[in-house]
Asker: 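Quick one: structure below, then a few questions.
One is the number of the first residue; the rest follow in order along the sequence. Given the structure is predicted, the values throughout are model-derived calculations rather than measurements.
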Amino acid sequence: RLSEFLDMVSSEGREGFRDICLTNIAMRLHAVPFIAEAQLKPAQGRALGDLCSYLAVPEGTYIFEQGDFVQNFYIVLQGVVQVVINEHELTGRSGADEEVLAGVRRSGETFGLAAIVYGARTRKYGMVTTERSLLLVISKEVLVPFLAAHPSLNESLMVSTKRFLLRRYAAMKSSIFYGLQEEYMLACSRKAKFVNYTAGDVVYSIGDKPKAFYLVAHGELNLDSDIN
């Protein structure tokens with residue numbers, strides 16, 4: 001076993017083995033599209049690799065389920081992971097489907113970031129493997145400060161994440177984005193931006209000039225009208 005092997009070798013051997021693992025992770029990371037687009041320097045790639053751990057998952061296993069607490073961000077290295085949504089539970093609307101298969105994530109794609117971006121405590125969907133898969137996992141505690149320190153990576157990942165969100169909505173019959181084509185998803189994901197509001201914030205008031213279209217990714221808003 002790996003733990004027994006590491007106990008047998010010298011401290012220099014353990015460090016050498018660790019460096020090999022980190023180099024391998026860094027090489028795999030640079031092959032991931034959103035990381036390649038960010039054009040990280042080699043040292044930055046190794047620093048990102050240092051935050052990662054491998055996760056091998058058998059076919060038919062849930063990485064997380066809808067309602068689970070948010071803990072990690074995931075990159076698919078090999079395999080296929082299916083997005084599963086209980087639309088009725090998520091929206092509370094009568095007639096909504098109890099299970100919606102909202103696309104898949106394949107090699108080089110990511111999932112799990114959106115909830116971290118908008119500060120959700122629990123997941124809005126589940127992820128289950130449809131074949132044996134190998135993932136890279138980064139905890140939210142170390143990912144958030146790393147993204148803040150590397151703007152190009154943050155921007156590239158935001159586009160990928162917004163596209164992922166739109167794919168979810170495009171699979172839900174209750175969404176205005178239902179059936180949205182992939183080319184429009186990409187265009188929207190490049191133009192849209194995440195904006196966080198805290199309880200009590202006013203998004204806009206009656207009489208304000210229209211500035212944007214809003215999609216509620218997490219939380220609830222009250223509509224306040226003075227119309228008599």
Asker: Treating Ile, Leu, Val, Met, Phe, Trp and Tyr as nodes and any side-chain heavy-atom pair under 4.5 angstrom as an edge, say whether Val70 and Leu51 lie in one connected cluster.
Answerer: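 Same cluster.
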Asker: Just verifying a value: how many Å separate Lys191 NZ and Leu186 CG, rounded to the nearest 0.5 Å?
Answerer: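 One gets 11.0 Å once the value is rounded to the nearest 0.5 Å.
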Asker: Does one hydrophobic cluster hold both Ile85 and Leu215, with members joined at side-chain heavy-atom distances below 4.5 Å?
Answerer: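 Yes.
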Asker: Could you check whether any side-chain heavy atom of Tyr54 comes within less than 4.5 Å of a side-chain heavy atom of Leu136, counting everything from C-beta outward?
Answerer: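 Of all side-chain heavy-atom pairs linking Leu136 with Tyr54, at least one is under 4.5 Å.
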Asker: Do Met127 and Tyr62 make a side-chain contact, defined as non-hydrogen atoms from C-beta onward lying under 4.5 Å apart?
Answerer: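 The answer is no, as the side chains (C-beta and beyond) never meet within the 4.5 Å cut-off.
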Asker: If you round to the nearest 0.5 Å, how far is CG of Leu143 from CG of Leu48?
Answerer: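 With rounding to 0.5 Å, CG (Leu48) is 8.0 Å from CG (Leu143).
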Asker: Ile63 versus Val57: any side-chain heavy-atom pair under 4.5 Å?
Answerer: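 Yes, side chains in contact.
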Asker: For side-chain contact (heavy atoms from CB on, under 4.5 Å), just list the numbers for Tyr125 and Asn86, CA-CA rounded to whole Å, side-chain angles, deciding distance to a tenth of an Å, and then say yes or no.
Answerer: CA-CA 7 Å; Tyr125 59 95; Asn86 185 324; over 6 Å; no
Asker: Is the OH atom of Tyr204 crowded by more than 12 outside heavy atoms at less than 6.0 Å?
Answerer: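 12 or below, so no.
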Asker: So if you build clusters from Ile, Leu, Val, Met, Phe, Trp, Tyr with side-chain heavy-atom gaps below 4.5 Å, do Val144 and Val142 land together?
Answerer: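 Yes; tracing contacts between hydrophobic side chains, which count when under 4.5 Å, links both residues.
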Asker: Compare every heavy atom of Ser133 with every heavy atom of Gly79, then report the nearest pair and how far apart it is.
Answerer: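 Nearest pair, atom of Gly79 first, then Ser133: CA-OG, 3.5 Å.
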Asker: Nearest 0.5 Å please: distance from the CG atom of Leu40 over to the CD1 atom of Ile35.
Answerer: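 With rounding to 0.5 Å, CG (Leu40) is 7.0 Å from CD1 (Ile35).
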Asker: If you measure from CD on Gln44 to CZ on Phe146, what distance do you get to the nearest 0.5 Å?
Answerer: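 Going from the CD atom of Gln44 to the CZ atom of Phe146 covers 6.5 Å.
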Asker: Using side-chain heavy atoms (C-beta onward) and a distance below 4.5 Å, is Val81 in contact with Thr130?
Answerer: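 No - every pair of side-chain heavy atoms lies 4.5 Å or more apart.
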Asker: Please answer whether the main-chain N or O of Met185 pairs with a side-chain N or O of Ser189 as donor and acceptor at a distance below 3.5 Å.
Answerer: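 Yes: the side chain of Ser189 pairs with the backbone of Met185.
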Asker: For the backbone of Phe73 and the side chain of Lys140, can you confirm whether one donor and one acceptor N or O come within less than 3.5 Å of each other?
Answerer: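 Flag not set: sc Lys140 to bb Phe73 has no pair under 3.5 Å.
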Asker: Using the rule given for side-chain contact (heavy atoms from CB on, under 4.5 Å), can you reason through Gln78 versus Ser107, listing the C-alpha separation, both sets of side-chain angles and the distance that settles it, and then say yes or no?
Answerer: CA-CA 5 Å; Gln78 295 176 0; Ser107 177; 5.5 Å; no
Asker: Would you say OH of Tyr197 has more than 12 non-hydrogen atoms from neighbouring residues, nucleotides or ligands within 6.0 angstrom?
Answerer: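 Yes.
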Asker: Donor-acceptor pair, distance only, cut-off 3.5 Å: does the side chain of Thr61 make one with the backbone of Pro58?
Answerer: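 Here the side-chain-to-backbone pair exists.
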Asker: For Gln39, look at atom CD and say whether over 12 heavy atoms of other residues, nucleotides or ligands are found less than 6.0 Å away.
Answerer: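 Count not over threshold, so no.
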Asker: Check the pair Val84, Gln66 against side-chain contact (heavy atoms from CB on, under 4.5 Å), reporting the backbone distance first and the verdict last.
Answerer: CA-CA 8 Å; Val84 183; Gln66 188 168 318; over 6 Å; no
Asker: Nearest 0.5 Å please: distance from the NZ atom of Lys162 over to the CZ atom of Arg190.
Answerer: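 That separation rounds to 9.5 Å.
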Asker: Please answer: with hydrophobic residues joined when any side-chain heavy atoms are less than 4.5 Å apart, are Leu180 and Phe213 in the same cluster?
Answerer: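 Leu180 clusters together with Phe213.
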Asker: Show the nearest heavy-atom pair for residues Gln71 and Arg123, with the distance to one decimal.
Answerer: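 That closest heavy-atom pairing would be N-NH2, 4.0 Å.
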Asker: Return the CD to CZ distance between Glu109 and Arg163, rounded to the nearest 0.5 Å.
Answerer: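 So the gap between those two atoms works out to 8.0 Å.
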Asker: Specify whether Phe111 and Phe64 have parallel, tilted or perpendicular ring planes, treating 30° as the upper limit for parallel and 60° as the lower limit for perpendicular.
Answerer: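 Correct class here is tilted.
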Asker: Flag the pair Ile75 / Leu135 as yes when at least one side-chain heavy-atom distance between them is below 4.5 Å, and no otherwise.
Answerer: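 No, side chains not in contact.
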Asker: Out of the candidates Thr129, Val76, Val80, only one should pair with Val104 under the side chain to side chain contact (heavy atoms under 4.5 Å, CB included) rule; please name it.
Answerer: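 Of Thr129, Val76, Val80, side chain to side chain contact (heavy atoms under 4.5 Å, CB included) with Val104 is met by Val80 alone.
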Asker: Please tell me whether Leu77 and Leu55 are part of a single hydrophobic cluster in this structure, the criterion being side-chain heavy atoms less than 4.5 Å apart.
Answerer: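 Same cluster: Leu77 reaches Leu55 through Ile, Leu, Val, Met, Phe, Trp or Tyr contacts under 4.5 Å.
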Asker: Go through the steps to decide whether Thr122 and Asp68 satisfy the test side-chain contact (heavy atoms from CB on, under 4.5 Å), and finish with yes or no.
Answerer: CA-CA 5 Å; Thr122 57; Asp68 284 355; over 6 Å; no
Asker: Give the minimum heavy-atom separation between Asn72 and Ser139, together with the two atoms involved.
Answerer: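 What the structure gives for the nearest pair is OD1-CA, 3.3 Å.
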Asker: Any idea which heavy atoms bring Thr110 and Arg105 closest together, and the distance?
Answerer: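 Smallest interatomic distance, heavy atoms only, reads O-NE, 2.6 Å.
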Asker: Do Glu155 side-chain atoms and Ser152 backbone N/O form a donor-acceptor pair below 3.5 Å?
Answerer: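 No, Glu155 side chain to Ser152 backbone: no donor-acceptor pair under 3.5 Å.
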